Amino acid sequence: MNPAPPSPGRSPGRLRRSAHTGPGAGGGRAAPQAPAGRARKRLGPRQEGGRHHLSPSPAPHRQHRAPSPLTGPRRPLGPSPRGCLCRPRSPHGAGPGRGRPRLPAGGAGWYGPLPWWRRRRAGGGSGGSMAALARLRARLPALREECFRRNRCVDEDRKIKYKAAVKIQSWFRGCRVRAYLRHLNKMVICIQKRWRGYQSRRYFRKIVKTAYFIMKMNFYNEMAVRIQKRWRGYYVRKYIHNYYALKKYLEAVSVNNEIVRNELQEYAEMNEKEKKKKDQEKKEKEKEYQARKMHYLLSTEQIAGIYNSPFRKSPDPMELLLRQSKPLSHRRQQVKSPFRDELYDWPTCTRPPTFHAGESLPPIGRQKPQGPFRDTAEVLRQRYMPLEPTLRVAASIDSPLEKARVEMKRGEWRNHIHDNEFLPFSSYHKNEKYDLSIHRSGKYGQETYGIKHFREVQPNKWVTGKL
Amino acid sequence: MSLLRPLLLDVVPTIQQTAALALGRLANYNDDLAEAVVKGDILPQLVCSLSEQNRFYKKAAAFVLRAVGKHSPQLAQAVVQCGALETLAICLEDFDPGVKEAAAWALGYIARHNSELSQAVVDAGAVPLLVLCIQEPEIALKRIAASTLSDISKHSPELAQTVVDAGAIAHLAQMILNPDAKLKRQVLSALSQIAKHSVDLAELVVEAEIFPVVLTCLKDSDEYVKKNGATLIREIAKHTPELSQFIVNAGGVAAVIDCIGSCRGTVRLPGIMMLGYVAAHSENLSMAVIVSKGIPPLCTCLVEEQEDHIKAAAAWALGQVGRHTPEHARAVAVANVLPTLLSMYMDTHSSEDLQVKTKRALKNILQKCTYLPALEPLLHDAPPNIMKHIVGQFSKVLPHDSKARRLFVTTGGLKKVQEIKAEPGSLLQEYINTINNCFPEEIVRYYSPGYSEILLERVENYQPVL
């Protein structure tokens, strides 16, 4: 009995579990355990003979298994060498004396289990069959032993070989997968390389565009700054801080000041002169009055007056004055008003206020004059009786209506303050255009004094905090 | 009082009038008596009979009201509460000018105290009547009416606006030309009280074409006319630079400067303040003040005047003139006024206001002053906070001017600077270092204090080589 050689022509990398059970062969084979989650390692060579262990448990007949969740769909790589020869389980024999699959006699090579119809039937002819059977039965344990031993070797070999095959296959698969991954990697790198290059070039183009734009803008700004610099310098120097205009203005101010000072000086002098003149006139008037009063001091032909002393060369000016003046008559002498030193002067009242004397008192202690005179009080009353004009006299020629009209007109004229009565006071005339005054218009036209700028309000320039 | 009261109700009018006059004189003398008059319930009686009686009684009654109302706001309030204002306003319409004058005077004294009383007077409708009174020919009436308008408008912008709305400005402006001095005083005072409140009112006053006529008032022989004229110009100038510009163009600055030069005492004060305001607005205006020869009168004011507040005003004005640019500061410094300011600042007798103002003026001028000969004398006496600015200015000028450096050494400035003790790291120390770096080391060492001792020590320790 040869150990079953691995059948050639097995497709690489794929161990196929072929479930074969010879007649009663199921017991010998134990299904190798499938590791979870991996490709199932299958038993390599299909073993017809031999069993792993002595237990008579029948090997489960494994048909084409449905894909289990652990293994996934099985991929058949290449046809199995002999197909899966599934045979129905032969009815088991008795326990230990199970029939074992018979190998064909020709030991040239075992290519696989024979189909059932080629197997030689156990047992010889009918005659010597009993003796043969006894012989065979006598040989049975040794055969068993031998078979077991061979199987065990083969099994051990098989294990090693299986592990080796597993290792080889796994390594090979690993290589394949790695090669595949490398390939994928390369592809992916290629794609990404192209794509990134494309993106970066796009981005670069954008950057270049912006940089160019910024450069242009900087340049424009520079140029604009230069223009603005020149313009602002010019403008400020010409209009805002115009040095020469300021100088001229200050000179004009000094000239104007001179003029104003001269004029004011003249005005002051004129006032002085007037005051002096007035004082002088007053003095002269005083003197004249004195001269008129003391006219009697005038010198005569015979007697020289006080002011005309004979030892003088020429008469005193007072003397001359006396000669000129007219003597003062006593009739219209000015009475010193008793109210002149009042608390408040009333220049409007030239006469002192005379309180209305209701009736003058009668003379004191006068004896009644003799005669048919009337009573003094009566006479006085009649003399000073107030006027009681008749209605005709009291009423004027004009009708009362006329008088009332005239009175109203006068009243309006007197009380007239505003020309535009029906318009509000303060804000109306703000819209009026300003009429030029004669003061302000110079000889050659209107003089400017910045009148347009009056109404501008610049609070930050104000010195005081008041609005 | 109890004796006089029944006399007021006497049949004979003369007695009534004389009694009223007596009451008026009593109340005029003393405010206790005025209070007694009020407490004696006399005022309602007067007010009632005021409307019926003749003009002498009216005058006397108005005199009583004025005498009572002039002492204090409470008494004036009592007068108002009797309903006197309406009656006085009716009196303002009377034909007799004396009555009008008495009524206007009484209203003026009442309105003088505070703005509520002024408002009450205005509410009685007195303002248009007063404006009419101003146009009357009698001078005394004009005076009193102007003074009343001035008292009314001084309290608040609204009251001033009411006065303006009644058309007072035009009439007041016309009366500036009047030769009577007292009238001019009142008119100028009224215009300045109107103009002081706001820019609009000031512009209205200016538009009434008071310039350049107002400048003639500054040459008047009466001191108070000058003072009020200067006050008016000051109130106009202080609002905006444009108004100040206008005044400068009209020659107002020159007139005010002359006015300051010719007066003495508090009369000068508004003129000084006016110059300060004009110079404060802008540097061109300040230069105009300098060009109009404004600095010498200000210096004389500073030196001559006795009163601290006038000195403070002069110091402030000088500070405003000199603070703009180095040109301005130079003009002020050349007038040799900085030592005066410094001495005033250091003087212990000066009031606090004066000290503050001189210090600020000094600071402002010194920060722009590059005229070193004027800064020299200040080095010797200045206190540390002023010294900082002086030394700072030296440190700015000396690095660039070699002649100035030479002068600095020869006048003893370098020596003084070495003697200054400053905390290391302070601004003063930095300035001193900058100055020291302008000079060669030997000279700095030569002038440092204690150098002679160091030299002598070296002499002592020297071993002569024989």
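First the proteins, then the strands, lettered A, B, ... as listed; each starts at 1. What you see is a predicted model, and the numbers here were worked out from it, not measured in a lab.
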At a 4.5 Å cut-off on heavy atoms, which part of A:E263 comes close to chain B: side chain, backbone, both, or neither?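 For A:E263, there is no contact with chain B at all, as no heavy atom is under 4.5 Å.
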
A quick test of your reading: do over 12 heavy atoms of other residues, nucleotides or ligands sit less than 6.0 Å from [atom1] of [X]?
X      : atom1 : value
A:E378 : CD    : yes
A:E272 : CD    : no
B:E327 : CD    : no

Most chain A-contacting option - heavy-atom pairs closer than 4.5 Å, from [options]:
options                        : value
B:K293, B:M287, B:Q320         : B:M287
B:S244, B:G251, B:S221, B:A280 : B:G251
B:L215, B:V12, B:V131          : B:L215

Can you list the steps and then say if B:K238 with A:V463 is a side-chain contact (heavy atoms from CB on, under 4.5 Å)? CA-CA 7 Å; B:K238 84 178 185 197; A:V463 170; 5.9 Å; no

Considering all heavy atoms of both residues, which atom of A:R261 and which atom of B:S292 are nearest to each other, and what is their separation?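 Minimum heavy-atom contact is NH2-O, 3.1 Å.
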
Decide yes or no for A:L264 and B:T216: does some side-chain heavy atom of the first lie under 4.5 Å from some side-chain heavy atom of the second?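 In contact.
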
Please flag which part of B:L132 lies under 4.5 Å from any non-hydrogen atom of chain A: side chain, backbone, both or neither.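 The side chain, not the backbone.
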
Contact residues of residues 245-257 of chain A (partner chain B; heavy-atom separation under 4.5 angstrom):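 Residues A:L246, A:Y249, A:L250, A:V253, A:S254, A:N256, A:N257 are the ones that qualify, each having a heavy atom under 4.5 Å from chain B.
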
